[in-house]
Amino acid sequence: MRSERMPQPLARRILLSFILLTALVAGINAWAIITVLHEVEEDLVGEELRQDMAAVENVFLTEGRIPDLTGGSALYAPTLQPQKPLPRELETPHPGYQEVVTERVAWHVLEEEIDGHRFILVRNQDAFEAREKLFYNVVAGGVLLAIALAYLIGRLTVRRVIDPVIRLAAAVRSHEPAPGAARPLATAYGDDELGQLAQAFDQAFSELQAALERERLFTSDVSHELRTPLMIVSTSCELLARGALPDNSQRQVARIAKAGADMQALVETFLQLARVQTTRLAEGDGVSLEQIAAEQVAVWQPQIEARGLSFVYRQEATVPGRWHPTLLRVVLGNLLRNALHYTEQGEIRLCLEAGGFRVEDTGPGIASEELGRIFEPFQRGRHARGEGLGLGLSLVRRVCAQAGWSVTAEALAAGGSCFRVRLLA
């Protein structure tokens with residue numbers, strides 16, 4: 001399995017860029033200096049040896065003798081000076097200029113043939129090689145010093161550049177979404193690129209807060225205005241149910257009353273979602289999961305069994321804690337409604353388990369291509385029945401996200417589907 005490459009922090013990338021760039025520039029400069037030094041050395045020493053060899057050739061051809069040399073050069077003529085042994089490094093003929101460097105010697109050598117005789121001019125470079133090695137060490141130390149300075153300068157630069165970005169990111173994360181609750185971010189930064197970024201965040205926050213406020217007001221206003229007509233529908237249904245109506249009419253009145261009750265529950269849910277940012281459960285408020293589960297069993301078991309299905313309610317574990325009744329009621333009720341909507345035969349199960357609950361059914365299940373979008377608005381399974389709009393599961397996910405819960409869906413191996421809600425992490 002191929003492991004994913006973890007992204008490097010920006011601060012580390014900037015620091016590495018400083019070090020690598022400095023190492024590259026310093027390395028190129030060091031290479032250029034050493035190369036130029038070596039070339040200059042060869043040119044100067046070679047030119048001096050050629051001048052000395054020209055002087056030797058002139059004396060030998062005009063006077064017939066081998067001159068004595070000064071300036072640190074040694075002359076070998078094996079055929080003319082048998083008493084002066086030739087070093088073994090020079091035994092092999094090699095006409096022209098060369099540099100001979102071994103563990104024992106460091107020479108610059110110029111070999112020419114004059115009047116049929118082999119002349120070898122040698123200049124010892126031990127002292128120069130020692131100075132050259134010292135120079136190389138100084139250059140290498142300079143490269144390392146440049147890299148160390150690049151590291152220190154990079155750290156300072158990163159601190160000056162990245163720290164304000166980190167502070168801005170922390171300020172954005174902690175920015176209170178409520179309108180007017182937080183001061184603008186740009187006031188803490190200058191008129192530079194970072195300040196412009198902070199201004200862009202302020203503008204985006206302002207627009208987002210305005211949009212959220214409009215949505216909250218719209219939801220609360222619509223929900224509030226629906227209460228009155230729903231109350232009239234509910235009261236009218238009660239009055240009609242008390243009258244002497246035929247059985248068929250009584251059933252229709254009951255359906256209207258149930259639809260009104262469902263709408264009233266949705267209105268309460270929307271109102272709760274609209275003010276959930278400012279409303280929190282006080283200590284000791286809320287209900288247990290068992291209470292809402294028992295309430296929903298009483299509501300949905302008759303409807304499920306009226307469809308010819310079996311309903312199973314199991315409490316496999318006790319879930320501690322108290323929860324918002326409206327939000328928990330909406331989540332559990334919508335999941336049971338969804339199971340009833342898609343199940344034609346078999347059973348529906350509500351199981352309380354450690355950390356939350358799950359709703360299972362023996363319906364057609366969830367196709368793999370539908371799992372990724374099943375909680376999206378207006379998405380209905382291909383086996384859906386009735387006139388639903390595909391908003392129930394979307395509402396469940398929104399409520400769970402608002403309350404800090406999680407909801408997942410999966411297809412059961414034996415057929416059917418399972419929706420699991422985690423109330424506790």
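When reading the values below, keep in mind they use all heavy atoms of this one structure, side chains included, and skip hydrogens, waters and symmetry mates.
Expressed to the nearest 0.5 Å, how far CD of Glu410 lies from CZ of Phe419 amounts to 10.0 Å. Distance check, rounded to the nearest 0.5 Å: CG of Leu149 to CG of Leu144 gives 11.0 Å. In this structure, Ile19 CD1 and Leu152 CG are separated by 9.5 Å, a value rounded to the nearest 0.5 Å. Atom CG of residue Leu289 and atom CZ of residue Arg322 lie 11.5 Å apart, to the nearest 0.5 angstrom. Note that CG of Asp52 is 9.0 Å distant from CG of Leu110, once rounded to the nearest 0.5 Å. Taking CG of Leu309 as the reference point, atom CD of Gln301 lies at 12.0 Å (rounded to 0.5 Å).
Of all heavy-atom pairs spanning Leu328 and Ser288, the tightest one is CD2-O, 4.5 Å. Between Val407 and Arg397, the closest heavy-atom pair is CG1-CA, 4.1 Å. The nearest pair of heavy atoms linking Cys400 to Val421 is SG-CG1, 4.3 Å. The heavy-atom pair separating Arg118 from Pro78 by the smallest distance is O-CD, 3.3 Å. Of all the heavy atoms in Val319 and Gly356, the pair that sits closest is CG2-O, 3.6 Å. Heavy-atom minimum distance, Ser417 versus Leu412: O-CD1, 3.7 Å.
No donor-acceptor pair closer than 3.5 Å links the side chain of Asp361 to the backbone N or O of Ile348. The backbone N or O of Gln345 sits less than 3.5 Å from a side-chain atom of Thr362, completing a donor-acceptor pair. When atom types are taken as modelled, the side chain of Arg420 and the backbone of Val359 share no donor-acceptor pair closer than 3.5 angstrom.
Note: Tyr97 and His108 have parallel aromatic rings, judged against thresholds of 30 and 60 degrees for the angle between ring planes.
Applying the side chain to side chain contact (heavy atoms under 4.5 Å, CB included) test to Gln315 and every residue at least two apart in sequence or in another chain returns Glu290, Tyr313, Thr318, Leu352.
The side-chain heavy atoms of Leu340 and Phe311, taken from C-beta on, include no pair separated by under 4.5 Å. Between Ile292 and Trp323 there is no side-chain heavy-atom pair separated by less than 4.5 Å. At least one side-chain heavy atom of Asn248 sits under 4.5 Å from a side-chain heavy atom of Gln252. For the pair Leu350/Leu332, a side-chain contact is recorded, criterion being any heavy-atom separation below 4.5 Å from C-beta on.
A salt bridge links Arg358 to Glu316: at least one charged side-chain nitrogen sits closer than 4.0 Å to a carboxylate oxygen.
Among Gln296, Gln303, His341, the single residue meeting the side chain to side chain contact (heavy atoms under 4.5 Å, CB included) criterion with Leu336 is Gln296.
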Table please: side-chain donor-acceptor pairs of residues 134-142 below 3.5 Å, with sequence neighbours left out.
residue: Tyr136; atom: OH; partner: Glu132; partner atom: OE2; Å: 3.1
residue: Asn137; atom: ND2; partner: Lys133; partner atom: O; Å: 3.3

